[in-house]
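Inspection log for the structure reproduced underneath, given as structure tokens.
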Amino acid sequence: MKALTLAALTTLAATAAAAEKTELTVYAGDYFTSEWGPGPVIEAGFEEFCNCDLVFSTGDLLPRLLLEGERTKADVVIGLTSDVTAKARATGLFTTHGQDNDVLTLPIQLTDDTFLPFNYGHTAFIYDTTRTETPPASFEALLAMPDDVKIVIQDPRTSISGLALVLWVQAIYGDKAQDVWAKLAPKILTVTKDWSASYGMFTDGEADMVLSYTTSPAYHIIAEGDETKSAAIFDDGHYFMTELVGQVKTTDQPELAQKFMDFVLSETFQEMIPTANWSFPAKLEEAKWPDGFKKLDLPKKALFYSEDEAAALRDEVLDAWLAAFSQ
Amino acid sequence: MARRVQPVSTYLGAAVAALLVLLTFGTLGAVAWRAEGLSGLRTSDWLAVRFTVLQAFLSALISVLLAIPVARALARRSFWGRGALITILGAPFILPVIVAVLGLIAVFGRNGLFNTALVWAGLEPVSIFGLQGVLLAHVFFNLPLATRLLLQGWLAIPGERFRLASSLGFTSSDMLRHIELPLLRQVLPGAFMVIFLICTTSFAVALALGGGPRATTIELAIYQAFRFDFDLSKAALLALIQFGLCALAAVLSLWVTTPSGQGAGLGRTVPRHGGAVWLDAVILSLVSIFLLLPLLMIVSKGAGTILGLPESTYAAAWRSVWVAVASALLTVLLTVPLALAALNLRMRLVEGIGYLSIAASPLVIGTGLFIMVYRWADPVGLALPILILVNAAMSLPFALRAVSPALAEIEKDYGKLADALGLTGMARLRILILPRLRRPLGFGAGLAAALSMGDLGVIALFADPENQTLPLALYQLMNAYRLDEAFGAALLLLVLSLSLFWLFDRGGRANVDA
């Protein structure tokens, strides 16, 4: 009996100790938690003042949320891309982020009060300055390049950057998008499922250009001291991409979750984004960017479809893309 | 007949079959049940079905046809390093897709060794991208498997037959007609079917080397339905079509399979000769170059970083190793009862169930399990046990493919004697069956271990940082631009997979000359 009481007491004490440190469960994309990714810095930075235990749980964000529904354990979801926010919003699982959108330093105006952007970048074709001497300065110039210039892109049906590419072409060319694809098709070496396979083919020298992000050269400059990778900047503008964070309505830790949302726009968080996430921070003036990022060529214009526009266009642009490649 | 039935193993076999049905159709059902409304298929989906069948059929056909001379050469020659060669030739089968693709491109790509050699010889370079690239990759992956399956068959022919044949003065063509053709009739359809099924569920390779969206397979459409549309009903429907195709292939292959009827021997390995030595040498050299060059490219790319990887990558590697060992053991535990039950019940259906998992979409299994488990427990906490179970189920068809024919031969050759001696139940298993199954079981376990090392995808929904496996770590490195380290991780994966495969296979291949 005594032993039992003791055991019960120990359990109670353990529970009490655990209760002191509340847990904040953050669902994040796969790449987040690697030791060089943004996860560890976010965790350390937040735990410094939150008196809590931040726990990341990684996996396919949206499918998992949709399957879990209201029983989800997530308090916060970080790493949603703009192509899934419509579906995420429709779940009714998210509450307002409580931040002022006007303080953001994005190239476009976002007024969403549910999903808060924490980084951004643009689609761009990356080339090697030692192999391509005169990069195209517009989409038209890209199309006019000889067919033996080989480009590798991602499939818009399986990859967010691939989808951004078809929306980019749509934004520039509208109805004529299918002709553009027909002209581009002979230059497309291949289409890969995800970004990493494409990029591997480019750095291995198999492809001359790769569909990637305006921020990609920063990795080579900062991590490798290699300045031979550049983004071809087009006059037409580049498609804007962002990753967002949302606060879950059903959270049992609303205050803590809110604290986390505040933290996202803090300087600690934002200063880490460039070199942990290899993208531009969503709220940080350029003067505070790392040198490698200041060196990057930036598009003069950012193109972007709202989630409703993108959703309405999606089937049409995918069909145009498929049709052009199936000829 | 009645005496032969071993009730315990039959019940166990039935239980295994039920588990497999749950993992395949059960998960599919769970996905369909969670779906809202019905969605139809679009034209593009049907094009995907057509391309899937076309490439899978051609890939399987080429792999199996090429495997015949290779397996024969390996079976009738003994040379220094033969065992090592057999093991290393199996490596492509277990490579992570993206690594294999980059390895192939390094050899057959625009600036690869092959085209450099062609240009040097004054010939036109050839492109790897297109249907030819898909076939090249699938043959690269599956030729080793086909060779191993055929080789199992060849080695199962009692050495006495070859001795007798050579003392009767059989020529190569006599040998072909009387011994080898019946053998091929027995093992070829099964090997063809297994490879057809594997290629059916191919996705990233087909797309990356297919050169464009024409190279769309059903699995890609399933992925799209999940990740981009979250259309569970469409995913389930496509998965069902995939099952249908595979079932059709399975029925056809079982239908043309006939027992070879080589008769019994003393179970000894008898060295044999015959045939043109130079021909076998050429065949083995060509195949070795084809399979090993891409691997060598990966080795050379990864050698610089394999010892300097991030701490977490080594931790992930260690986790992967024990998951692989656990999966391999579980595979053996599942295979034997299932194979026994299939034999005892004389039901091809039971054996057919054993192959279900190849036809299953990893995405559907993962999602289905998530839906099933989530009602009662936290799937994230169960990620590794689930991974072990699914890996074992995914490897089971290969083990079964190796074990089943061997088991059938044992029963045919020694079954009557064992019956007459009253050797039944566990004693029959221990004295008669298991010792003679060592070779295929070792092979099956080795393959299971290697496949588990390279596995990815099933737990994509609920992979936790604490549960990270080596393939996942590799993809993280790639996604973080760390391509050099990713190749180091790939090499580590390759070395670990091959070592595990070798250890298990070696255990099975030790000759029992008693």
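Naming convention: chains lettered A, B, ... in sequence-line order (proteins, then strands); numbering from 1 in each chain.
- The residue among A/Asn277, A/Val152, A/Leu189 with the most heavy atom pairs within less than 4.5 Å of chain B is A/Leu189.
- By the 6.0 Å contact criterion, CZ on A/Arg131 is enclosed, its count of non-hydrogen atoms from other residues, nucleotides or ligands being greater than 12.
- The part of A/Ala207 that comes within reach of chain B is its backbone (N, CA, C, O), which places non-hydrogen atoms under 4.5 angstrom from that chain.
- Contacts from residues 215-225 of chain B to chain A, taken as heavy-atom pairs separated by less than 4.5 Å, involve B/Thr216, B/Leu220, B/Tyr223, B/Gln224 in sequence order.
- Contact annotation for B/Leu209: only backbone heavy atoms (N, CA, C, O) come within less than 4.5 Å of a heavy atom of chain A.
- At least one side-chain heavy atom of A/Leu67 sits less than 4.5 Å from a side-chain heavy atom of B/Phe370.
- Heavy-atom pairs under 4.5 Å with chain B peak, among A/Ile153, A/Asp83, A/Asp208, at A/Asp208.
- Annotation: B/Phe114, atom CZ; neighbour count of heavy atoms from other residues, nucleotides and ligands within 6.0 Å does not exceed 12.
- At a heavy-atom separation below 4.5 angstrom, chain B is approached by A/Tyr219, A/His220 within residues 219-228 of chain A.
- Between chain B and the residues A/Thr203, A/Asp204, A/Leu61, A/Val191, the largest count of heavy-atom pairs under 4.5 Å involves A/Val191.
- Among A/Ala185, A/Gly200, A/Ser216, the residue with the largest count of heavy-atom pairs under 4.5 Å with chain B is A/Ser216.
- Of all heavy-atom pairs spanning A/Thr33 and B/Gln476, the tightest one is OG1-NE2, 4.1 Å.
- Only the backbone of A/Ser159 comes within contact range of chain B, with at least one heavy atom under 4.5 Å from a heavy atom of that chain.
- Residues of residues 479-490 of chain B placed with any heavy atom under 4.5 Å of a heavy atom in chain A are listed by number as B/Asn479, B/Ala480, B/Tyr481, B/Arg482, B/Leu483, B/Phe487.
- The residue from A/Leu62, A/Thr158, A/Leu163, A/Val84 that alone fulfils the side-chain contact (heavy atoms from CB on, under 4.5 Å) condition with B/Phe228 is A/Leu163.
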Just do the side chain to side chain contact (heavy atoms under 4.5 Å, CB included) check on A/Met201 and B/Val101 with the steps written out, would you?
CA-CA 9 Å; A/Met201 288 189 197; B/Val101 166; 4.0 Å; yes

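- The choice from B/Leu477, B/Thr313, B/Leu232 that makes the most heavy-atom pairs within less than 4.5 Å of chain A is B/Leu477.
- In this structure, chain B has no heavy atom under 4.5 Å from any part of A/Leu65.
- Ionic pairing of A/Asp148 and B/Arg110 is not present here: no N-O contact between side-chain nitrogen and carboxylate oxygen is shorter than 4.0 angstrom.
- In summary, of the residues considered (A/Asp155, A/Thr192, A/Asp194), a side-chain contact (heavy atoms from CB on, under 4.5 Å) with B/Leu207 occurs for A/Asp155 alone.
- For a heavy-atom cut-off of 4.5 Å, chain A lies close to B/Phe129 in residues 127-138 of chain B.
- Of the atoms belonging to A/Arg71, heavy atoms from both backbone and side chain fall under 4.5 Å from chain B.
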